[in-house]
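Each chain gets a letter, A, B and so on, in the order the sequences are listed, and its residues count up from 1.
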Amino acid sequence: MRNLKEKGGNALSFVSLLKENSLQIAEMVTLLLQQEKDNKYATLDREDLLSRNQRIVEAFIRCLESGEDQDFTDYIRKIGHERALEGFRLADVVTALSRTRDAFISYLEKTSNDPELLFKRTKIIINIIDQARLKIGEAYLQTREEIISQQKVALIELSTPVIPLFEGILIIPLIGTIDTGRAQDVLENLLQGIIREQAQIAIIDVTGVPVIDTAVADHLIKAVQAANLLGCTCILVGIGPEVAQAIVSLGVYFTNIITKRSLRQGLEYALQLLGLEISSINSLTGRSNL
Amino acid sequence: MNTPIMEIDNILVVPVQSSLSDAAALKMQKDLASIISKRSIQGIVIDLTDVDLVDSFIARVLVDIGGMTRLMGAITVATGIQPAVAITLVEMGLTVEGVLTALDLQQGINKLRLLKKEG
Amino acid sequence: MGTFQETRVYLKQELDIVSARHAGRLLARQIGFNLVDETRITTAISELARNIVLYAKEGTVYIRTVYTNEQKGIEILVSDDGPGIENVELALRDGFSTSRGLGAGLPGTRRLMDEFEIKSTVGVGTQVLVRKWLRSI
């Protein structure tokens, strides 16, 4: 905590002067920001913008008054975090702080008689705002990074869906290239899906996977084996002859890898395993009118 | 150290505790062998829900138990293998041959009864 | 590469394998590995520690955090003054085993970790060094 307090009787009156005129200063900030092209703050409704600026001006004055910057720093960080969530650009928030600085300095210039004192006070304001710009940048970027991480997780879940059918059957449609990272996600999602849905059969459809080389075949076999350890039988569908070659060339661990040509055949087989079949309603006897 | 072995209608149920030392695993195997030799048992359900690590030694014990029960005309089902454990086993190349698996204890018992019924 | 936070477990009896696993799991968790990686790491430690107890009779496992400029991870060094491995290449081949274990020990461990190095001299001893790095999404 740096010592921002001015010494002497002048100091108190300087701060009270700012306090009395905080609205005026906030209005100046508002005016400056509304002139900024491309700044999101400029698109805000005037009342909204003014009250935001009032809050920051008052927080800044409290900082000058108390002589310590911890509260102000916390406040600035909070703003950085919130604006990041609201979709402001980093440039928008940093510029807003710069205009706040400009408004304060401009006000001091107008009301000061003593150039030396003016210089000292200007320096203090510039220092505080410099620090604040750094803090707001950090808080903003941290929040942006958290948002991006969350989006990545959501994307992974979207791209490796595990769809429960009925009777403990899962369908996993794989689409697109499967690299090592994605294969790991598919594997974990598959196992979590088996547990969640108490699935006994998982149909893995690779029709939509353009390239299945030995590496991908290896990943698939791994997934099947892991599912087997959870008591779930896997049916691979959509495997053409080239892919069949790739799997055979790996030579190992063939037990419980059932393959069918199409999803339809896979589903029919799955139902068969469970002792079920699909038939039309008319063929059911003794069915009363609903 | 002692893994409890319970009996439900000719099926032995073994809820394995989380930190299974090598010695405890071997003792469990010995106890199971002893019970099976004396009684007519349809099978064993070994529940690994609480087990957070299965390495090659434990895997070998499971395979041995599976082989032993088969020789005596019974079936072993391992249940509740945790996803992280399943992934690790598969990556290491351990497939626990000769041991059936099921998602949980209940499904394991069901599987066992179903198989025994089919003869 | 920087290293911090080291735990050492002296391996002589079978129960020491459990201690080594436990230490590994704790550090892996602290570093921030997810559950699957945590399990991989702990299982690798179990395999390596057991090799010592079975073949070398005694040794030490060192478990530490490692850093580079870009990554953070875990490093495990298993060291013994035992008989050494005569044919390292053979030992690294799948299915090789001299005792009742399934022989998945070394090759299996290599597959679980990102980096694997082994140095062994007959009559002098063996050192195995493995590392796993935090996976960034």
Side-chain angles (χ1 to χ4, degrees), chain B residues 1-3 16-33 46-68 70-71 76 78-99 101, chain C residues 11-26 28-29 33-55 78 91-114 116 130 132 135:
Chain B
M1 161 102 162
N2 256 321
T3 310
V16 179
Q17 282 137 356
S18 71
S19 52
L20 191 68
S21 70
D22 292 5
L26 289 174
K27 177 157 199 314
M28 174 182 78
Q29 183 179 342
K30 218 172 82 161
D31 291 345
L32 285 170
I46 303 180
D47 187 38
L48 300 166
T49 307
D50 278 342
V51 174
D52 57 11
L53 190 151
V54 175
D55 60 14
S56 64
F57 190 89
I58 307 294
R60 176 57 174 249
V61 167
L62 289 173
V63 168
D64 284 352
I65 293 174
M68 176 185 76
R70 208 171 336 120
L71 284 174
T76 301
T79 62
I81 297 178
Q82 294 303 298
V85 171
I87 294 174
T88 304
L89 280 172
V90 165
E91 280 176 10
M92 280 205 291
L94 298 167
T95 51
V96 197
E97 303 268 337
V99 178
T101 54
Chain C
L11 301 165
K12 197 174 164 100
Q13 340 164 31
E14 191 245 293
L15 280 178
D16 297 330
I17 300 175
V18 178
S19 307
R21 284 185 204 160
H22 192 66
R25 195 178 276 283
L26 277 178
R29 204 173 285 170
F33 283 102
N34 65 30
L35 181 59
V36 186
D37 279 339
E38 193 188 295
T39 307
R40 289 182 175 115
I41 292 164
T42 314
T43 308
I45 291 174
S46 192
E47 295 290 334
L48 294 175
R50 178 170 299 101
N51 277 353
I52 296 223
V53 172
L54 285 181
Y55 304 123
V78 172
L92 289 175
R93 209 183 299 168
D94 272 310
F96 178 74
S97 165
T98 54
S99 86
R100 69 185 317 272
L102 281 169
L106 287 178
T109 304
R110 182 154 66 163
R111 276 195 285 271
L112 292 177
M113 305 299 276
D114 296 335
F116 179 100
V130 294
K132 191 156 193 75
R135 180 164 82 109

Check your understanding: Where do C/Glu14 and B/Ala23 come nearest, in terms of heavy atoms and distance?
Key -> OE1-N, 2.9 Å
Practice item. Looking only at non-hydrogen atoms, find the nearest pair between B/Asp52 and C/Arg25 and report the distance. Key: O-NH2, 3.0 Å
Check your understanding: What are the two closest heavy atoms between C/Thr39 and B/Ala84, and how far apart are they?
Key -> OG1-CB, 3.3 Å
Point to revise | C/Arg21, part contacting chain B, at a heavy-atom distance under 4.5 Å | key: side chain
Check your understanding: In terms of heavy-atom proximity below 4.5 Å to chain B, should C/Leu35 be classed as side chain, backbone, both, or neither?
Key -> both
Check your understanding: From B/Asp55 CG over to C/Thr109 OG1, what is the distance, rounded to the nearest 0.5 angstrom?
Key -> 9.5 Å
Practice item. Check whether C/Arg40 gets within reach of chain B through its side chain, its backbone, both or neither, counting any heavy atom under 4.5 Å. Key: both
Review point. Could you state the interatomic distance from CG (B/Leu53) to NE2 (C/His22), rounded to the nearest 0.5 Å?
Key: 12.5 Å
Revision key, fill the gap. B/Thr49 meets the side-chain contact (heavy atoms from CB on, under 4.5 Å) criterion, sequence neighbours left out, with B/Asp47, B/Gln82
**Study point:** Contacts of type side chain to side chain donor-acceptor pair (under 3.5 Å), residue B/Thr101, not counting sequence neighbours
**Key:** none
Point to revise | Residue, of C/Thr43, C/Asp37, C/Val36, that accumulates the most heavy atom pairs under 4.5 Å with chain B | key: C/Thr43
